[in-house]
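Quick caveat: nothing in here was measured; it's all calculated off a predicted structure.
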Amino acid sequence: MIPCSYPKAQYLSHKEEIDLAIQRVLAEGNLVLGENVQAFEKEFSDFIGTQHTVSVASGTDALCLALKALGINSGDEIIVPSHTATATVAAIVLAGGIPVFVDVEPEFFTLDPVSVENAITGKTRGIVAVHLYGQPADVESLKNIAQENDLKLIEDCAQAPGAKYKNFRVGSIGDVGCFSFYPTKNLGALGDGGAITTSNSEVAEQLKKLRQYGWDENRISQFAGYNSRLDEIQAAVLRVKLNYLDRDNAKRIAVANQYAEQLSSLPIALPIQRTECSHVYHLYVIEVDRRNALANHLKSKGVLAGIHYPVPAHLMPAFTVHSTSTLAQTERVVGRVLSLPVYPELGRADQLKVANHLKEFFGE
Ligand SMILES: *Cc1c(COP(=O)(O)O)cnc(C)c1O
């Protein structure tokens, strides 16, 4: 069986260091907001290229708290792709905002800047750009649009830690970058976790209050805050794995290159990389006719391909109240996308097996 993602293999490949890091936390006895969280936040800021990182309990919380820290109020419109993990959209609603769905660029699956401009109204306050599948969105255009219209730019980096837009890591370009450390992500903890990166000190200070009861430094609540903290064990594990992130992303890219070589003659659309950007292949997503038949064929051969995502957010019961224009690309791609297995530990023999089962399906 070849799974679509395989967090256990990640643990096993760094087992000694991870086990040691966990043992140290347990021996130390400080379990919440201690030295590992502090060190991880510093190391992650250095890695991404921002002044601050504020860790929280999940990627959803990272987005929700970031929107609150940026001053999003109820009734504010936030532009967002519908073709994304539903958490992106849920966070906007939880923060009190109104999601305004916009279409994606057909070749990159990320926010289409022209559609974004058309969606701006007097109530628009922000844009959430999702670096979907590990590929940076067109943040240069989006940043220009945000600046011209006095909007906040929020980067959803859950699928793309380490990816670069030109010379900048994603998460260092917008007002804030929001990350998830869910186990299957490129930088995965051994449970839930998340973080916000920013170079705005006021936003960072507000986030530190928001994540812990609204407390100031004297533990006096200045407002009703949340409890959304990364714990010490997860921070210690993430510190180990952050050291390997670029190397593990390079392994994902090598798998992608192998697929591209093997599958080039088949009647499928392979991922296209944006020029001057890196793609860290959280997912290797192809577009194909007869998608479900291909997925079933692969499954019968023990290859578990995924579908990210079969139903766009604007057609889910949670979000249908938020009216939208037709999203032609979004509604086209959801029936055609298929995610092939990709993770750093996926060996060459298994890569070839996946490719051969695809060739078999197309009679090659
Ligand atoms: C995983 C993910 C999230 C949510 O992160 P959680 O840690 O699961 O809350 C948000 N946005 C995108 C694009 C994701 O892939």
Side-chain angles (χ1 to χ4, degrees), residues 1-10 13 83 85 104-110 131-137 158-164 170 184-188 244-310 332-364:
M1 183 88 87
I2 304 177
C4 194
S5 63
Y6 195 13
K8 187 177 172 185
Q10 268 275 292
S13 65
H83 185 57
V104 291
E105 298 177 294
E107 64 277 57
F108 304 120
F109 307 104
T110 52
H131 304 302
L132 200 70
Y133 305 152
Q135 163 125 288
Q159 302 190 356
K164 284 184 175 174
V170 300
T184 61
K185 308 282 162 125
N186 293 39
L187 181 59
Y244 296 98
L245 182 57
D246 277 335
R247 263 171 283 181
D248 282 340
N249 281 341
K251 290 181 185 172
R252 289 175 182 268
I253 292 166
V255 173
N257 290 340
Q258 176 69 18
Y259 281 150
E261 195 180 313
Q262 291 290 322
L263 306 176
S264 61
S265 65
L266 301 183
I268 59 181
L270 301 175
I272 299 171
Q273 200 172 320
R274 200 184 284 287
T275 46
E276 295 185 79
C277 295
S278 60
H279 188 322
V280 295
Y281 293 98
H282 171 60
L283 297 167
Y284 187 90
V285 177
I286 61 170
E287 249 193 87
V288 62
D289 298 333
R290 298 175 60 219
R291 187 265 315 276
N292 293 347
L294 174 56
N296 287 335
H297 170 77
L298 292 174
K299 192 173 174 190
S300 75
K301 304 292 179 180
V303 174
L304 301 183
I307 297 174
H308 302 88
Y309 298 87
R332 185 183 63 84
V333 301
V334 292
R336 295 172 50 81
V337 285
L338 189 68
S339 312
L340 302 184
V342 59
Y343 43 91
E345 297 75 17
L346 182 69
R348 194 174 165 85
D350 281 344
Q351 295 165 30
L352 290 174
K353 210 180 276 179
V354 174
N356 287 336
H357 290 312
L358 269 128
K359 289 177 185 171
E360 205 171 73
F361 178 80
F362 290 104
E364 284 199 18

Checklist entry - Which word best sums up how the rings of H297 and F361 line up, parallel for under 30°, tilted for 30 to 60°, or perpendicular for over 60°? => result tilted
Checklist entry - Which pair of heavy atoms, one from S339 and one from H308, lies closest together, and at what distance? => result OG-ND1, 2.7 Å
Item to check | Which residues share a side-chain hydrogen bond (donor to acceptor under 3.5 Å, both in side chains) with S5, sequence neighbours left out | outcome: none
Checklist entry - What's the shortest heavy-atom distance between F108 and Q273, and which atoms? => result CE2-C, 4.0 Å
Checklist entry - For the residue pair P3 and P341, what are the closest heavy atoms and their distance? => result O-CB, 3.1 Å
Checklist outcome for this item: Rounding to 0.5 Å, atoms CD (Q262) and NZ (K359) come to a distance of 4.0 Å
Item to check | Contact check, side chains of N292 and I307, non-hydrogen atoms, under 4.5 Å | outcome: yes
Checklist outcome for this item: Closest non-hydrogen contact found for E364 with S265 is OE1-OG, 3.1 Å
Checklist outcome for this item: The complete set of salt bridge (charged side-chain N to carboxylate O under 4.0 Å, His left out) pairs with one or both residues in residues 244-272, sequence neighbours excluded, reads R169-D246
Checklist entry - Got a sec, which pairs hit side chain to side chain donor-acceptor pair (under 3.5 Å) with one end in residues 342-351, sequence neighbours left out? => result Q10-E345, S13-E345, Q258-R348
Checklist entry - Taking the inter-plane angle between the rings of Y284 and Y259 on a 0 to 90° scale, is it parallel (under 30°), tilted (30 to 60°) or perpendicular (over 60°)? => result tilted
Checklist outcome for this item: Those residues at least two apart in sequence (or on a different chain) that pass ring-ring contact (aromatic ring centres under 6.0 Å, His included) with H357 are none
Item to check | Minimal non-hydrogen separation, L132 against T110, with atom names | outcome: N-CG2, 3.9 Å
Checklist entry - Taking all atoms of both residues into account, what is the closest heavy-atom pair of N186 and P161, and its distance? => result CB-CG, 3.8 Å
Checklist entry - In chain order, what residues pass the salt bridge (Lys or Arg N to Asp or Glu O under 4.0 Å) check against E287, with sequence neighbours excluded? => result R332, R336
Item to check | side-chain hydrogen bond (donor to acceptor under 3.5 Å, both in side chains) partners of S300, counting only residues at least two apart | outcome: none
